[in-house]
Trainee: 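Questions regarding the structure given below will be posed in turn.
The first residue of the sequence shown is numbered 1, and numbering continues consecutively from there.
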Amino acid sequence: MTKSIEEQDSLIKELQADLAEKHPAAPHEEYLRQFLIARSWNVKAAKEQLDNTIAWRKENAVDEHPVATAANKLPLLYPVRGFDSLPDGNLENEAGISESVLRVYRWMGGSCLHKTDKDGCPIYIERLGYHAAKEIAKNTTAEEVSQYHIGCNEFLHRVIMKDCSRKANKTINRETVIFDCTGMGWHQFHMPALQYIRAISDTDQKYYPETLNRLFLVNAPSAFVMVWKIVKGWLDPGTIDKIQILGKDYKEVLLQHIAAENLPDFLGGTCTCSHMPGGCVPSQILKNIPIIDAQEHNGKTVRAYNDDIMEKAKTDETIRGPAFFDQQQ
């Protein structure tokens with residue numbers, strides 16, 4: 001539903017007023033805009049979703065979740081390339097990372113938060129076609145996958161988005177996603193594993209609305225049509241509108257939105273990240289990095305970081321980093 005700038009501003013002010021009594025320190029306008037867009041500019045529905053989000057964050061201590069920064073030097077939860085606020089790095093079996101994170105990542109085809117698109121939004125790349133779907137479902141739990149995803153989301157929004165906002169001199173609160181379906185086959189269309197995807201998408205749509213800029217599914221095989229019919233039913237119409245399913249002729253489309261130097265060469269760009277182990281997208285499945293085995297210092301917990309770090313973050317602002325609803329710039 002298209003609204004003029006004046007109408008948008010009026011509805012944002014109305015939502016601010018509705019929130020004032022219950023949430024004196026309510027999110028700033030850009031966050032309110034996200035919730036209003038997600039609920040088709042229905043103030044009542046947006047307020048309900050925002051109330052639920054704030055309650056969820058409080059009940060689950062999500063605001064206290066640790067996030068890696070240059071200052072606290074916490075280990076990364078996934079590979080990162082090309083941001084000003086912290087050096088490039090990979091997920092490794094460093095002290096503090098939980099064993100469950102390493103187990104989840106072991107069976108993923110590879111992922112990386114890799115530079116920015118032409119809008120200034122961070123780019124998340126996942127080698128979806130190489131996921132060992134059955135192994136993920138067999139060797140991990142839905143709660144472990146969910147907790148890992150929340151940890152990655154918090155790092156993205158509380159560290160990387162703020163980095164991108166400073167660099168772009170505007171609020172950046174969305175990411176561009178590329179799912180590379182190379183290697184995808186019927187063996188991956190595993191319903192228990194697909195239910196993990198459903199749980200993740202449900203969390204994102206409920207508590208991180210309108211944080212997707214664009215999503216490109218590239219090298220999608222014809223068999224993907226079957227899975228898409230299932231997955232599409234789990235997504236909001238606004239999310240579906242941002243998804244482009246592309247076959248092998250995807251390079252021109254990606255380069256319309258992403259500079260060649262910010263796009264890996266295997267996706268049609270010129271970047272190789274040759275300075276980093278695993279290049280642009282490290283993958284244990286593709287064997288461009290060694291298998292990451294857990295050590296004794298990787299605690300056995302469903303959460304992303306060891307219990308001692310999770311506990312310390314409750315009182316140590318340097319461990320939990322910036323607040324989620326703070327100004328992005």
Side-chain angles (χ1 to χ4, degrees), residues 68 70 73-94 97 101-118 120-133 135-136 148-149 151-152 155-156 159-160 163-164 167 175-185 188 213-221 246-294:
K73 294 182 171 57
L74 282 180
L76 294 168
L77 295 179
Y78 58 140
V80 169
R81 307 281 188 270
F83 299 97
D84 293 340
S85 61
L86 72 176
D88 292 353
N90 287 345
L91 168 65
E92 299 177 3
N93 60 356
E94 298 178 68
I97 287 283
V101 165
L102 300 180
R103 188 160 21 87
V104 171
Y105 197 75
R106 167 67 182 88
W107 302 109
M108 291 176 64
S111 67
C112 186
L113 201 55
H114 188 278
K115 303 184 177 181
T116 58
D117 66 10
K118 292 180 181 180
C121 300
I123 303 166
Y124 175 72
I125 302 171
E126 192 168 299
R127 306 299 298 270
L128 187 66
Y130 293 108
H131 282 1
E135 296 299 328
I136 291 175
Y148 179 40
H149 182 68
C152 292
F155 169 71
L156 169 66
V159 179
I160 297 300
D163 181 300
C164 292
K167 190 170 185 177
E175 68 173 332
T176 288
V177 177
I178 303 174
F179 285 151
D180 180 12
C181 299
T182 301
M184 182 173 285
Q188 290 179 310
N213 190 40
R214 295 181 181 89
L215 191 157
F216 301 101
L217 280 148
V218 305
N219 287 313
L246 307 168
K248 294 182 179 179
D249 298 327
Y250 61 84
K251 295 179 183 179
E252 184 178 342
V253 176
L254 293 186
L255 289 170
Q256 288 175 4
H257 302 283
I258 303 168
E261 62 269 22
N262 286 359
L263 187 66
D265 58 356
F266 68 83
L267 291 173
T270 60
C271 186
T272 61
C273 287
S274 57
H275 64 295
M276 292 298 299
C280 294
V281 184
S283 171
Q284 296 169 90
I285 297 288
L286 294 177
K287 300 181 180 179
N288 62 20
I289 54 169
I291 301 299
I292 308 171
D293 292 318

Trainee: Can you name the side-chain contact (heavy atoms from CB on, under 4.5 Å) partners of Ala68, sequence neighbours left out?
Mentor: Leu74, Leu76, Phe155, Tyr305
Trainee: Test side-chain contact (heavy atoms from CB on, under 4.5 Å) on Val253 and Val218 and set out the steps.
Mentor: CA-CA 10 Å; Val253 176; Val218 305; over 6 Å; no
Trainee: Report yes or no: does Asn93 contribute a side-chain atom to a donor-acceptor pair with the main-chain N or O of Ile292 at less than 3.5 Å?
Mentor: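 Checking the backbone N and O of Ile292 against the side chain of Asn93, no donor-acceptor pair under 3.5 Å is found.
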Trainee: With side-chain contact (heavy atoms from CB on, under 4.5 Å) as the test, would you mind laying out the steps for Ile160 and Cys164 before giving the verdict?
Mentor: CA-CA 6 Å; Ile160 297 300; Cys164 292; 4.1 Å; yes
Trainee: Would you say that more than 12 heavy atoms from the other residues, nucleotides or ligands in this model lie under 6.0 Å from the NZ of Lys118, or not?
Mentor: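 Counting other residues, nucleotides and ligands, NZ of Lys118 exceeds 12 neighbours.
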Trainee: Are there over 12 heavy-atom neighbours, none belonging to Glu252, within less than 6.0 Å of that residue's CD?
Mentor: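 No, the 6.0 Å shell around CD holds no more than 12 heavy atoms from other groups.
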Trainee: Ignoring hydrogens and angles, write down the donor-acceptor pairs under 3.5 Å from the side chains of residues 267-281, residues two or more places apart or on other chains.
Mentor:
{"from": "Thr270", "atom 1": "OG1", "to": "Ala260", "atom 2": "O", "distance (Å)": "3.2"}
{"from": "His275", "atom 1": "NE2", "to": "Asp88", "atom 2": "OD2", "distance (Å)": "2.7"}

Trainee: In chain order, what residues pass the side-chain contact (heavy atoms from CB on, under 4.5 Å) check against Asp117, with sequence neighbours excluded?
Mentor: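 For Asp117 the side-chain contact (heavy atoms from CB on, under 4.5 Å) partners, ignoring immediate neighbours, are Asp119, Cys121, Ile123, Thr176, Asn213, Arg214, Ile258.
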Trainee: Can you see which heavy atom on Leu113 is nearest to which on Phe83, and at what distance?
Mentor: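 Smallest heavy-atom distance, with atoms named: O-CE1, 3.6 Å.
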Trainee: Specify the closest pair of heavy atoms between Leu128 and Cys181, including all atoms of both residues, with the distance to one decimal.
Mentor: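 Minimum heavy-atom contact is CD2-SG, 4.4 Å.
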Trainee: Can you list everything that forms a side-chain contact (heavy atoms from CB on, under 4.5 Å) with Pro87? Sequence neighbours excluded, please.
Mentor: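 For Pro87 there are no side-chain contact (heavy atoms from CB on, under 4.5 Å) partners, ignoring immediate neighbours.
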Trainee: Closest heavy-atom contact between Asn90 and Pro282?
Mentor: OD1-CG, 3.5 Å
Trainee: Taking side chain to side chain donor-acceptor pair (under 3.5 Å) as the test, write out the residues that go with Asn219, two or more places apart.
Mentor: Asp180, Thr182
Trainee: Are Phe266 and Arg127 close enough, and set up right, to give a side-chain contact (heavy atoms from CB on, under 4.5 Å), and what steps lead you there?
Mentor: CA-CA 11 Å; Phe266 68 83; Arg127 306 299 298 270; 3.5 Å; yes
Trainee: List the residues meeting side chain to side chain donor-acceptor pair (under 3.5 Å) with Gln284, not counting sequence neighbours, and say none if there are none.
Mentor: none
Trainee: I'd like to check the ring pair (Phe, Tyr, Trp, His ring centres under 6.0 Å) partners of Phe216; sequence neighbours left out, ordered by chain and number.
Mentor: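 So Phe216 forms a ring pair (Phe, Tyr, Trp, His ring centres under 6.0 Å) with His257.
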Trainee: Taking side chain as C-beta onward, heavy atoms only, is Met108 less than 4.5 Å from Tyr148?
Mentor: yes
Trainee: Is the side chain of Asp163 donor-acceptor paired with the backbone N or O of Ser85 at a distance under 3.5 Å, no angle test?
Mentor: yes
Trainee: With sequence neighbours excluded, tell me which residues meet side-chain contact (heavy atoms from CB on, under 4.5 Å) with Asp293.
Mentor: Ile291, Gln295
Trainee: Please name all residues satisfying side chain to side chain donor-acceptor pair (under 3.5 Å) with Tyr250, sequence neighbours left out, ordered by chain then number.
Mentor: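 Checked Tyr250 against side chain to side chain donor-acceptor pair (under 3.5 Å); zero matches.
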Trainee: Give me each pair satisfying side-chain hydrogen bond (donor to acceptor under 3.5 Å, both in side chains) with a member in residues 103-116, each pair once, sequence neighbours excluded.
Mentor: Glu99-Arg103, Arg103-Glu144
